[in-house]
Amino acid sequence: MILNSSINTQSKDFLENKSFMSELLNQLKDETLKVHNAGGKSACDKHKSKNKMLARERINQLIDTGSYFLEFSTFAAHNIYDNQAPSAGIITGVGLIHNQECLIIANDATVKGGTYFPLTVKKHLRAQEIAMENNLPCIYLVDSGGAFLPLQSQVFPDKEHFGRIFYNQARMSAKGIPQISAVMGSCTAGGAYIPAMSDENIIVNKTGSIFLGGPPLVKAATGEEVSVEDLGGAALHSKKSGLADHYVDSDEEAITLLREILEHLNKKKHYHLNRKEVKAPLYLEKELYGVVPKNSAKQFDVREIISRIIDESDFHEFKKNYGTTIVTGFANIWGYPVGIIANNGVLFSESALKATHFIDMCNKRKIPLIFLQNVTGFMIGQKYEAQGIAKHGAKMVMALSQARVPKFTIIIGGSYGAGNYGMCGRAFQPRQLWMWPNAKISVMGGEQAANVLLTVKQDQLKYKKQNLLTDKEAENFKQPILDKYENESSAYYSSARLWDDGIIDPADTRKVLALGIRMSLNAELEKESHGIYRM
Ligand code: COA
């Protein structure tokens with residue numbers, strides 16, 4: 001059934017919302033430009049003077065002309081490490097090469113020599129996880145000085161640290177997920193294992209080098225004096241050590257060869273969806289800017305968002321009149337069938353039961369699930385506890401955790417408390433999780449957290465028979481908590497720490513979801529399995 005919009009695009013509210021979202025989008029554009037400056041002008045000039053292409057230029061040339069690169073975690077490390085590591089010094093994303101979706105990981109050597117900060121490691125591992133889940137060939141454009149030495153204790157020894165990169169390569173190679181690398185700069189110490197653990201690799205003459213210990217370390221350890229070229233250059237590795245498979249003279253040649261390698265993978269798709277003809281929504285995607293209220297606490301009908309994301313705004317809604325604070329239904333996005341679960345208010349027992357039923361149905365029909373999160377949490381209070389809201393919420397969490405279909409989560413507003421869990425937050429392994437720039441995420445709202453802590457404080461004072469805080473003192477007590485929550489709940493704070501895969505323009509939601517679904521067709525679905533539902 002076609003969703004009819006009741007939005008008036010000339011109304012005061014719509015225009016106010018739109019202007020608020022435009023401010024957020026301008027900020028997103030500015031922050032993106034800053035990050036694209038990478039390590040700054042002089043580092044970029046130095047990089048180019050060595051006849052090397054910049055990381056993003058390499059990617060642009062590698063992917064099919066005119067195709068889209070779905071970049072992950074552009075704002076990794078934003079406002080962390082004194083802002084010395086834009087994008088955490090590594091670019092990751094999915095792009096098409098000969099129409100095959102490939103996971104690309106490119107070190108940015110203009111950022112502290114492409115070395116690995118803790119969040120660089122986290123970002124690299126997240127990209128590999130995306131490749132593993134979606135069965136995507138991995139392409140490593142290597143140009144890195146290895147570990148960022150001042151923070152070695154946070155990148156070197158633990159399970160999810162540097163070594164895990166090589167473990168993942170071995171596991172993926174074993175599963176038939178091609179591992180291909182091009183060494184276009186340094187590849188030092190542990191980093192040497194990236195090309196060494198690859199199925200097939202390329203090294204660029206004069207700029208590419210691979211060694212476990214560089215010339216200064218060799219001199220210090222053994223007294224031997226040796227040049228970079230003689231220790232680990234392209235000629236040595238392609239003619240003598242056998243570590244490199246292909247020798248090329250420039251980044252451009254390496255990229256041409258990478259594209260050639262991709263033509264010989266013999267890859268097949270393993271998950272079939274009955275795709276329909278792609279049809280645009282009946283309403284403009286850019287109208288989403290005016291639909292989302294400036295005041296995040298204000299309630300609105302989430303169907304106004306759904307109608308601007310799905311093909312032809314055609315939504316087969318399920319259980320429309322039951323558990324109305326959650327909207328569920330089938331639709332198509334870029335022709336792909338999807339099941340949508342969207343918040344339309346606080347979660348009650350009925351909403352959780354309805355969502356559980358719907359998730360199970362999508363799972364059985366092998367239809368990808370889309371979660372549109374805007375949730376303050378589950379309803380609390382004696383009446384609702386007595387109705388069993390905790391066990392009904394648990395059913396929803398059980399259903400989504402065991403759903404084997406690809407899941408995608410978009411945080412379109414607030415993401416608070418157990419609502420984050422019930423609506424497929426990061427811990428529930430959606431294939432991808434994206435934030436709109438207005439999104440907020442925290443265990444509860446700042447005001448609620450400040451009030452909880454104030455109540456605890458007053459109770460302590462009462463217990464110690466001391467004077468309670470006056471209204472003024474209570475305000476002073478609450479303010480730093482409010483400030484902290486405001487800062488820590490922003491989309492940038494989340495993206496900097498990789499709690500999500502990035503911040504997107506709401507008008508790109510359709511495209512981002514379609515690309516996510518498209519890449520998911522590469523991987524087989526796991527076997528169906530059921531945990532025990534508490535009845
Ligand atoms: N840890 C921390 N910082 C490092 C680093 C490392 N491993 N390697 C380089 N850097 C920093 C430099 O201090 C410099 O910082 P600055 O801009 O604040 O001065 C920046 O990265 C660029 O380094 P620079 O040497 O000027 O760049 P380059 O392009 O000429 O060379 C490398 C880059 C990576 C080849 C070179 O710096 C190098 O060999 N680093 C040591 C690599 C190493 O031995 N790693 C061992 C890891 S286990």
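Quick note: numbers below take in every heavy atom, side chains included, and nothing from hydrogens, waters or symmetry partners. In each ligand, atom 1 is the first atom listed, and ligand 1 is the first ligand listed.
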Please confirm whether F162 and F156 have ring centers closer than 6.0 angstrom. no
Those residues at least two apart in sequence (or on a different chain) that pass side chain to side chain donor-acceptor pair (under 3.5 Å) with K122 are none
Taking only Lys NZ, Arg NE, NH1 and NH2, and the carboxylate oxygens of Asp or Glu, determine whether R426 and D500 approach each other closer than 4.0 Å. no
Suppose we screen for ring-ring contact (aromatic ring centres under 6.0 Å, His included). Which residues come up paired with Y140, at least two apart in sequence or across chains? H124
Let me know which protein residues bring a heavy atom to under 4.0 Å of ligand 1; chain then number is fine for ordering. K46, K50, K112, G113, T115, G145, A147, F148, L149, P150, S186, T188, A189
Please name the residue in the list L369, I370, T409 that meets the side chain to side chain contact (heavy atoms under 4.5 Å, CB included) test with P430. T409
Would you please name every residue forming a ring-ring contact (aromatic ring centres under 6.0 Å, His included) with Y247, sequence neighbours left out? none
